[in-house]
Amino acid sequence: MKAAVWYDVKDLRVEEKEVPDTKSGQVKIKVAWTGICGSDLHEYVAGPIIIPKDKKDPLTGVQAPLTMGHEFSGVVEEVGAGVESVRVGDKVAVNPLIVSGKAKDTLTDMYRGFGFVGLNSDGGFADYVVVDEEHAVKLDENMSLEHAALMEPTAVALQAIRESRMEFGESVAIFGAGPIGLLTIIAARAAGAKEIYAFDLSEERLEKAREVGATEAINSGKEDPVKYILDKFPDGIDRSLEVAGVEPTFHQAVEVTRPRGTMTIISIYEKPVEFHPMSLTSSGVHIVSTLAYEPDIFETTAKMMSSGQIDPSPIITSHIEIEDIVEKGFNALLNDKSQAKILVKLSGEK
Ligand SMILES: [Zn+2]
């Protein structure tokens, strides 16, 4: 089978690999579609960040070279002994989060060590993937496999809205309109946000932000986001969500938020931020962060997508073949801001 394998920074190779065996408790999936994620780009440009390179991963026991891809869907091809939750022929999406199992409470568990199928073990940029049963989430028959490849990043956005404690009828400011920023707009709308203000530097991304439901999408290179929000909301906005991952947007997100409102960190920060705790003491703003998704959020995302309550498909900007993953996938995302979510076609089943 074909697979896109991460060897090292700037070294992603499409090569022939053996189809993996299915052991007991495992599920073999014939992959349909796999999305390219921002964290895949981080690994490609500046890795290894999460990928275990110099020693074996403590949770999975494997290390690079590894097949990437953690946002994928497909059809069950084979099940190992003892598997009960899915059968051959079922449509599935993969919940790639790997946890240690050390803590009983799932909320605590992911903070005792975490990894992802496709970063810490072989993932979905391949014709077949074998995962432990708990990662295979059975989908309704009507669910599009193409859209199901967006389930994982959509679950990230739903979890972020939960962590922000946004309530129905509140207003939000979202900093960054890349794929996760766009999905956060979609999730905030589904959760009943009254007004959604999106900030970015790219006109193409702002256009997308309007298309998926931002009330206003503002170029923060031209307008000062803090002034813009405080003109409309003199006491500050209810919730801000930081999806850009850089120091200026970190500070702006805190400054636009009302006392007792929350600023939620969704981004992966490559660098530390200089921050004065008095900015919280004197403003009453709460800062929270979010990581991945609780299991119930992943299931909720599957149900809400299948019923059409939430539709992340407008963020798809192109479909490519696995052979073109470096040029038309990774390099396109790095160089062309009009790209949001690029899906890699494996079986291509709808
Ligand atoms: Zn991702």
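For this chain, numbers begin at 1 and follow the sequence in order. Please read all numbers here as calculations on a predicted model, not as lab measurements. Indexing begins at 1, ligand by ligand and atom by atom, following the structure's order.
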Inset, instruction - Could you label the plane-to-plane angle of the Phe116 and His70 rings as parallel, tilted or perpendicular, counting under 30° as parallel and over 60° as perpendicular? - result: tilted

Legend entry - Ring-ring centroid check His147 Trp33, cutoff 6.0 Å: no

Legend entry - Asp90 side chain vs Val76 backbone, donor-acceptor pair below 3.5 Å: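 Flag not set: sc Asp90 to bb Val76 has no pair under 3.5 Å.
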
Legend entry - Sub-2.8 Å protein N, O or S atoms surrounding the Zn ion (ligand 1): Cys37 SG, His70 NE2

Tell me which donor-acceptor pairs under 3.5 Å the side chains of residues 96-105 have, and how far apart each pair is, sequence neighbours excluded?
| unit_1 | atom_1 | unit_2 | atom_2 | d |
| --- | --- | --- | --- | --- |
| Ser100 | OG | Lys102 | N | 3.1 |
| Ser100 | OG | Asp109 | OD1 | 3.1 |
| Asp105 | OD1 | Leu107 | N | 3.1 |
| Asp105 | OD2 | Thr108 | OG1 | 2.9 |

Inset, instruction - Check whether NZ of the Lys or CZ of the Arg Arg258 lies under 6.0 Å from the centre of the six-membered ring of Phe233 and within 45 degrees of that ring's axis. - result: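 Ring-cation test returns no.
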
Inset, instruction - Could you point out which residue of Glu323, Glu146, Glu321 forms a salt bridge (Lys or Arg N to Asp or Glu O under 4.0 Å) with Lys345? - result: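 Testing Lys345 for a salt bridge (Lys or Arg N to Asp or Glu O under 4.0 Å) against Glu323, Glu146, Glu321 leaves exactly one candidate, Glu321.
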
